[in-house]
Structure formats: C-alpha cells, structure tokens
Amino acid sequence: MEFLCHHRDRSDSLALRMELLEEHWSSMDRFAQEMIARGPTLAEDGETPTGSVHILDLPDAATARAFAFDEPGYQAGVYRDVLLRRWRDLLGRTMWDFPGGPTEGDRFLVLGLGAGEAADLTVPAGRGDDLIAYGPLLSDDATAWLGTAALLRAPGPAAARALLTEDRYADIEVHPWQFGGRSQ
C-alpha cells in the first residue's frame, strides 16, 4: 500500500526542526527500502523548510500512521498538521530513478484536494520527463478519490499548478520542494 505523508511545520518551529534533523533522518533511515520519494517543502526563498513530504510503500495503514506520528519532529511539536493519505504510484519508479536527477531545475509539490468526480487519473501526456512522482490521493480503503499529488520539475509555481485540471479541485496547493535525505 502506498501512502503520501506531508508534515507541515508550525511557523515558529525552525530551530527545533534543525535541532532534531539527525533524529528525523535516523527515523527515516528505517524506511529506506520503502521510500518512493522524500524531501522538504520550502518557503519562497528556496531555502527555509516549511514541511516534509514522504511517499512510501508500506504494509498497512497502521504502519503508515506509526510512520507519520512516531516521527521525532511530530512528537516534539515541530508540525502544525499532518496530511496522511493512501496514494497510488502511476509512474512505477522512485525519485532516485527520475531522469532529471536531484538538482536540475526547480521542483514542486502539487496537492490537488478533490471535490466531486475524480480527475487527473492518468499521467499527463508529454509531462513524463518532468514528473518525479504522480498519483491519486485516496480514502483509507482506496475506493474514493480525494485528490491528486505530484512532485515535479517546472519553470515556476504557475507551471506546476497547471499540471492539474483547475476546476476539478476544491483547492490546489503548490510548494517549492527538493530531494531529501542525507547528503551522499
């Protein structure tokens, strides 16, 4: 079962986040084999972290909840909220398989929060070279569409947002994002 987890930082938690960075990475290291993608969302300055995104293939929902809520930053109060949803990988690859590599171009997390009939259920034509991760957000039992999530390379936030069919979502969020994990 694939899951998307987006921890969103409290506005005053940067110092605590940085203090816990090694504990966060050590916690994530336990899930290295299950990771599809990971990395921080960033403020518009492209440097200040605003959250963490993890997409993983886990055995069940209980393991996903433990992943999200046992995370050291969550336990210490770094995050204001957590989005945890079932997700379906439509690309069939991890971010480490992305042909653009970890640093080429600007990167974004796009979250389309669904409203009504499902949309964007297939990989957009002609965008495969820019997509790092792409798929629908699903209900806990994976029977209902709740939106779409993507990590992608794009020339700016407007281009990233244009990936989704605007009028099919209650809201579309676009966050600068970068490949995460320990420096190699």
If you take all heavy atoms of Leu42 and Gly46, which pair is closest and at what distance? CD1-O, 3.4 Å
Out of curiosity, does Leu91 fall in the hydrophobic cluster containing Val53 (side-chain heavy atoms, cut-off under 4.5 Å, transitive links)? no
From Trp87 atom CH2 to Leu56 atom CG, the distance as rounded to the nearest 0.5 Å: 10.5 Å
Is atom CZ of Arg88 surrounded by more than 12 heavy atoms (other residues, nucleotides or ligands) closer than 6.0 Å? no
What's the separation between atom CG in Asp106 and atom CZ in Phe108, rounded to the nearest 0.5 Å? 5.0 Å
Does Leu83 belong to the same Ile/Leu/Val/Met/Phe/Trp/Tyr cluster as Val174, with side-chain heavy atoms less than 4.5 Å apart forming each link? no
Can you find a pair of side-chain heavy atoms, one from Gln178 and one from Arg107, that are under 4.5 Å apart? no
So CZ of Arg80 and OG1 of Thr50: to nearest 0.5 Å the spacing works out to 9.0 Å
Check whether Asp45 reaches the backbone of Glu47 with its side chain - one donor and one acceptor, N or O, closer than 3.5 Å. yes
Treating Ser27 as the side-chain partner and Glu23 as the backbone partner, does any N or O pair qualify as donor plus acceptor under 3.5 Å? no
Heavy-atom donor-acceptor pair, Ser13 side chain to Arg17 backbone, under 3.5 Å: no
Hydrophobic clustering (ILVMFWY, side-chain heavy atoms < 4.5 Å, transitive) - are Phe98 and Trp96 grouped together? yes
Among Leu84, Asp60, Asp70, find the residue that satisfies the side-chain contact (heavy atoms from CB on, under 4.5 Å) test when tested with Arg65. Leu84
Tell me if the aromatic rings of His54 and Phe67 count as close, with their centers under 6.0 Å from one another. yes
Ignoring hydrogens and angles, tell me if any N or O in the side chain of Asp97 forms a donor-acceptor pair with the backbone of Thr94 under 3.5 Å. yes
Answer yes when Glu166 and Arg161 have at least one side-chain N-carboxylate O distance shorter than 4.0 Å, and no when they do not. yes
Is Phe3 close to Arg85 at the side-chain level, that is, under 4.5 Å between some pair of heavy atoms? no
If you group Ile, Leu, Val, Met, Phe, Trp and Tyr by side-chain heavy-atom gaps below 4.5 Å, do Ile132 and Leu111 land in one group? yes
Looking at every non-hydrogen atom in both residues, tell me the closest pair between Arg38 and Trp177 and how far apart they are. O-CZ2, 3.2 Å
Note, Met28 side chain near Met35 side chain (heavy atom, < 4.5 Å): yes
Which atom of Val82 lies closest to which atom of Cys5, heavy atoms considered: CG1-SG, 3.9 Å
Working note: His175 + Glu44, criterion side chain to side chain contact (heavy atoms under 4.5 Å, CB included); need CA distance, chi angles, decisive distance, verdict. CA-CA 8 Å; His175 305 271; Glu44 289 187 25; over 6 Å; no
Determine yes or no for a side-chain-to-main-chain donor-acceptor pair under 3.5 angstrom, with Thr63 supplying the side chain and Leu58 the backbone. no
Same cluster for Leu90 and Ile36 if Ile/Leu/Val/Met/Phe/Trp/Tyr side chains link at under 4.5 Å? no
Could you pull out the closest heavy-atom pair between Pro176 and Ala43, with the gap in Å? CG-O, 4.0 Å
Is any side-chain heavy atom of Leu113 closer than 4.5 Å to one of Leu146? no
State, with a plain yes or no, whether a side-chain heavy atom of His6 is found less than 4.5 Å away from one of Tyr79. no
Rounded distance [0.5 Å steps], OG1 in Thr103 versus CZ in Arg153: 10.0 Å
For the side chain of Glu2 and the backbone of Ile55, is there at least one donor-acceptor N/O pair under 3.5 Å apart? no
Evaluate the side chain to side chain contact (heavy atoms under 4.5 Å, CB included) criterion for residues Asp9 and Leu14: first the C-alpha distance (whole Å), next the side-chain angles of each, then the deciding distance (0.1 Å), finally the verdict. CA-CA 8 Å; Asp9 292 8; Leu14 181 58; 5.6 Å; no
To the nearest 0.5 Å, what is the distance between CH2 (Trp145) and CZ (Arg168)? 6.5 Å
If every non-hydrogen atom of Asp141 is compared with every non-hydrogen atom of Arg86, which pair is closest and at what distance? C-NH1, 4.1 Å
Give the ring-plane orientation class for His7 versus Tyr74, where under 30° counts as parallel, over 60° as perpendicular and anything between as tilted. tilted
Show me, pair by pair, the donor-acceptor contacts under 3.5 angstrom made by side chains of residues 114-126, not counting sequence neighbours?
| residue | atom | partner | partner atom | Å |
| --- | --- | --- | --- | --- |
| Asp120 | OD1 | Thr165 | OG1 | 2.8 |
| Asp120 | OD2 | Thr165 | N | 3.0 |
| Asp120 | OD2 | Tyr169 | OH | 2.6 |

Is the closest side-chain heavy-atom distance between Pro49 and Thr41 below 4.5 Å? no
Minimum heavy-atom distance between Leu16 and Ala76, given as atom pair plus value: CD2-O, 3.4 Å
Are the side chains of Leu163 and Leu152 in touch, meaning some heavy atoms are under 4.5 Å apart? yes
State, yes or no, whether a side-chain contact exists between Met18 and His24 at a heavy-atom distance under 4.5 Å. no
